[in-house]
Amino acid sequence: MSARPKILLLGEIDHAHKQWEALSEIGDLIKSQSTNRREFIEECKSGKLDGVVAAYRTLDSVRITGLIDEELVSVLPKTWKYLCHNGAGYDQIKPDTCSNRDPPLFVSNTPAAPDDATADTAIFLMLGALRNFNTSMAALRRGDFKGNPSPALGHDPEGKTLGILGMGGIGRNMKRKAEAFGMNIIYHNRRELASEMAGGAKYVSFEELLKTSDVLSLNLPLNNKTRHIISTEQLRRMKPSAVIVNTARGPVLDEAALVDALDQGVIAGAGLDVYEEEPKVHPGLVRNDKVVLLPHMGTWTSETQAKMECWVIDNIRSALTGKGLLSVINEQKDLGLDKEK
Ligand SMILES: O=CC(=O)O
């Protein structure tokens with residue numbers, strides 16, 4: 001008789017408790033005892049995690065395991081086949097390392113679930129940066145109402161060009177919302193989208209996106225090709241009146257270069273939800289009135305968090321009942337379901 005699979009929780013479940021508990025119909029639910037990477041590696045080597053077939057992981061569980069890289073993957077028990085990540089972005093996980101392991105470690109993420117909340121956050125940051133709301137919001141709380149001198153006049157989104165870098169689910173969701181503000185939408189992506197997907201947004205070169213956007217929104221995943229895709233040189237090609245919005249991942253934008261560009265008036269403002277070394281925020285951004293800052297709140301709504309947690313659990317259930325992962329990451333799409341089973 002084969003042993004019941006173990007399902008490991010790395011991080012916390014905050015909403016989908018019932019759905020998580022219901023997984024006990026198909027496996028034993030266990031939690032890692034480790035509090036850091038060294039302990040986690042020891043836990044794996046000790047055999048305590050033998051029998052784990054699938055794991056639920058959160059973004060914050062990087063505190064327990066560190067990055068899912070070669071060193072880590074090499075100590076995972078061979079029984080462990082599925083790593084189900086809660087989040088759209090999975091830059092903490094090295095896809096090639098997982099694919100090349102024997103047997104492969106299949107990884108899923110939660111595409112689509114974060115789209116609305118993240119695009120809403122981008123719209124908030126865009127409006128905040130365009131309208132220059134940051135200074136007066138801070139002044140009011142200091143008891144100084146609008147502030148003295150009065151804040152510089154802001155700008156309407158109406159008639160402005162929104163350039164979307166990365167036209168995936170979040171980019172397309174933001175496009176639809178920005179259209180309601182009367183904006184013209186252009187985008188750049190690895191590939192031009194089919195016209196039904198682009199929905200009337202114009203595909204432009206990276207160069208044209210930089211040169212013509214009044215708002216540049218970063219909506220692309222972080223990987224080796226996109227790290228610092230926006231740095232000094234790219235910022236210099238933007239309009240001096242432009243604002244940049246980042247709800248993707250901090251390192252797609254060179255923060256030090258952004259601080260200099262804002263200080264020197266190379267661009268006009270920024271709205272940021274993500275940072276290069278979270279939870280650290282570059283002091284040059286904190287002191288700069290032209291920057292609207294949020295502490296990585298893109299998906300921070302109860303509806304979206306619940307949706308994302310359920311999505312991870314659905315992936316685990318599907319995989320453990322022989323149907324494969326529902327949303328295997330793009331890099332593993334051609335690894336094949338036959339290998340997965
Ligand atoms: O940061 C949030 C996500 O990747 O979904």
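All values below were derived from every heavy atom in this structure, side-chain atoms included, with hydrogens, water molecules and symmetry-related copies excluded. Just so you know, ligand 1 is whichever comes first in the structure, and atom 1 is the first atom listed for that ligand.
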Query raised in the report: Side chain, backbone, both or neither: which part of R249 comes within less than 4.0 Å of ligand 1 when only heavy atoms are counted?
Result: side chain

Query raised in the report: Considering only protein heavy atoms, which is closest to atom 3 (C) of ligand 1, and at what distance to one decimal place?
Result: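 Closest protein heavy atom to atom 3 (C) of ligand 1: A88 N, 3.3 Å.
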
**Report entry** M308 neighbourhood, listing ligand 1 atoms whose heavy-atom distance to it stays under 4.0 Å
**Finding:** 5 (O)

Query - Polar atom proximity, G89 to ligand 1 (N or O, under 3.5 Å) - result: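 The answer is yes, given that G89 and ligand 1 share an N or O pair closer than 3.5 Å.
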
Query raised in the report: Looking only at N/O atoms, are T299 and ligand 1 under 3.5 Å apart anywhere?
Result: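 The answer is no, given that T299 and ligand 1 share no N or O pair closer than 3.5 Å.
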
Is there a donor-acceptor contact under 3.5 Å linking the side chains of [X] and [Y]?
| X | Y | result |
| --- | --- | --- |
| S327 | N315 | yes |
| E208 | T212 | no |
| S46 | K48 | no |

Query raised in the report: Do Y275 and H282 have ring centres separated by under 6.0 Å?
Result: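 No: the rings miss the under 6.0 Å criterion.
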
Report summary line: The side chain to side chain contact (heavy atoms under 4.5 Å, CB included) partner of L272 among T247, L125, V245, L258 is L258

